[in-house]
Amino acid sequence: MLDLRADFEAQALPWMDTLYRFALRLLSSAKEEPADLVQETYLRAYRSFYQFKQGSNCKSWLFQIMYSIFVNQYRRKQKEPETLAFHELEKRFIASVQQPNCFEKRASDVERALKRLPEEFRTAILLVDVEELSYEEAAVAMNCPVGTIRSRLFRARKLLYISLVEYARANGYADKSA
Amino acid sequence: MTDPGTHLDDELQDFIDGRLTPDKVTEVESHINHCKICRSKIDALQKAKQAAAGAAEIPVSSDLRKKIIDSLNQEDASQKKKND
């Protein structure tokens, strides 16, 4: 048991900051405690560590466990932001790309915009762009086909861009003449 | 070959993520050379990707580390009890 514990700590604990950050951004409600989600993830991971294939990617395995707990215990309680219909999204994306001088990526705005993405899009962009998983690893973590990750990520990036442009314009720190 | 009168969509994301075959890369490059809208879309997608990638690091509190170590200790203790 000692070897298993030491092995688990060596492989899994270095990802604690990463998992905490992901949990914090995954949980859209301030009422939910990201630390509880991280703790539950580590406990589940430890209990099933004997099944973990040595040499495979521990980081994406931990994300998979965390996302599964999130889906089963947290997601239903969250108030989800409304998503844009496909045509509306395209229309606003085209309008936004035509105002390139209005794009600002202030850290607080990026956080706000990420939180406001519909959960499945938010998760895809968090896994691929923020946490640098490959499409294939993100698909395992979200338990969906690679093509689904691709389309969720595409919509997430478009929504993030629209949101940052519209927020910069609304708050007057973008070049409105552009 | 991409129809010069049609705008690209999915291919633009595959282009910025390096998921296209060399032939397809050439095709997209040739299209964006003359299509301002698709150039702007690529620029926007790249900016969104970089904005997300630049999201801040958030350090974990030492309390959480302690909580996790404690819960692993409890798990070991309860397994030991079962086995004794």
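Numbers restart at 1 for each chain; the letters A, B, ... are given by sequence-line order, proteins then strands.
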- Query: So which part of B:Asp70 gets closer than 4.5 Å to some heavy atom of chain A, the side chain, the backbone, both or neither?
  - Reply: neither
- Query: How far does CZ of B:Arg65 sit from CG of A:Leu13, to the nearest 0.5 angstrom?
  - Reply: 8.0 Å
- Relative to chain A, which segment of B:Ile16 carries a heavy atom at a distance below 4.5 Å: side chain, backbone, both, or neither? side chain
- Can you measure from CG (B:Leu72) to CG (A:Leu43) and round to the nearest 0.5 angstrom? 7.0 Å
- Greatest number of heavy atom pairs closer than 4.5 Å to chain A - which of B:Ser40, B:Ala52, B:Pro59: B:Ala52
- Query: What is the minimum heavy-atom distance between B:Ala51 and A:Val110, and which atoms define it?
  - Reply: O-CG1, 3.6 Å
- Rounded to the nearest 0.5 Å, how far does CD of B:Glu75 lie from CZ of A:Arg44? 12.0 Å
- Heavy-atom distance under 4.5 Å to chain B: side chain of A:Gln39, backbone, both or neither? both
- Message: So if I take each residue of residues 123-130 of chain A and look for any heavy atom under 4.5 Å from a heavy atom in chain B, which residues do I end up with?
- Response: A:Ile125, A:Asp129, A:Val130
- Message: Going by the rule salt bridge (Lys or Arg N to Asp or Glu O under 4.0 Å), which residues pair with A:Glu119 if we only count those two or more places apart in sequence or in a different chain?
- Response: A:Arg75
- Task: Under 4.5 Å heavy-atom distance to chain B, tell me which part of A:Ala35 shows up: side chain, backbone, both or neither.
- Result: both
- Query: Between atom CD1 of B:Ile68 and atom OH of A:Tyr46, what is the distance when rounded to the nearest 0.5 Å?
  - Reply: 13.5 Å
- Query: Non-hydrogen atoms of chain B under 4.5 Å away: do they reach the side chain of A:Leu159, the backbone, both or neither?
  - Reply: neither
- Message: With clusters defined by side-chain heavy atoms of hydrophobic residues (ILVMFWY) lying less than 4.5 Å apart, directly or transitively, does A:Val71 cluster with A:Ile65?
- Response: yes
- Nearest non-hydrogen partners of A:Phe103 and B:Ala48, listed with the distance: CZ-N, 4.5 Å
- Heavy-atom pairs under 4.5 Å with chain B are the metric here; pick the option from A:Glu111, A:Arg150, A:Arg21 that has the most. A:Arg150
- To the nearest 0.5 Å, what is the distance between CG (B:Asp17) and CZ (A:Arg157)? 4.0 Å
- Query: Relative to chain B, which segment of A:Arg106 carries a heavy atom at a distance below 4.5 Å: side chain, backbone, both, or neither?
  - Reply: neither
- Quick one: do A:Val146 and A:Tyr67 end up in the same hydrophobic cluster if we chain Ile, Leu, Val, Met, Phe, Trp and Tyr together by side-chain heavy atoms under 4.5 Å apart? yes
- Message: I need the A:Met16 CE to B:Ser61 OG distance, nearest 0.5 Å.
- Response: 9.5 Å
- Message: Could you check whether atom CD of A:Glu132 has more than 12 heavy atoms from other residues, nucleotides or ligands sitting under 6.0 Å from it?
- Response: no
- Message: Would you say A:Val140 ends up clustered with A:Met142 if hydrophobic residues are merged whenever their side chains have heavy atoms under 4.5 Å apart, either directly or through other cluster members?
- Response: no
- Task: Identify which of B:Gln74, B:Lys41, B:Arg19, B:Lys36 forms the greatest number of heavy-atom pairs closer than 4.5 Å to chain A.
- Result: B:Arg19
- Message: So for atom CG, which belongs to B:Asp9, do other residues, nucleotides or ligands contribute more than 12 heavy atoms lying within a distance under 6.0 Å?
- Response: yes
- Query: Given side chains that start at C-beta, do those of A:Val38 and B:Lys67 come closer than 4.5 Å, heavy atoms only?
  - Reply: no
- Message: For A:Glu9, which atoms come within 4.5 Å of any heavy atom of chain B: side chain, backbone, both, or neither?
- Response: side chain
- Message: Measuring only between side-chain heavy atoms, which start at C-beta, is B:Lys47 closer than 4.5 Å to A:Lys105?
- Response: no
- Task: Pick one of side chain, backbone, both or neither for A:Ile94, based on which atoms fall under 4.5 Å of a heavy atom in chain B.
- Result: side chain
- From the list B:Leu12, B:Asp14, B:Ile69, the residue making the most non-hydrogen contacts under 4.5 Å with chain A is B:Asp14
- Query: Out of curiosity, does B:Leu45 fall in the hydrophobic cluster containing B:Ile37 (side-chain heavy atoms, cut-off under 4.5 Å, transitive links)?
  - Reply: no
- Query: Tell me, side chain or backbone of A:Glu131 under 4.5 Å from chain B's heavy atoms, or both, or neither?
  - Reply: neither
- Please determine, among A:Ile162, A:Leu153, A:Leu114, A:Leu164, the option with the most heavy-atom pairs under 4.5 Å with chain B. A:Leu153
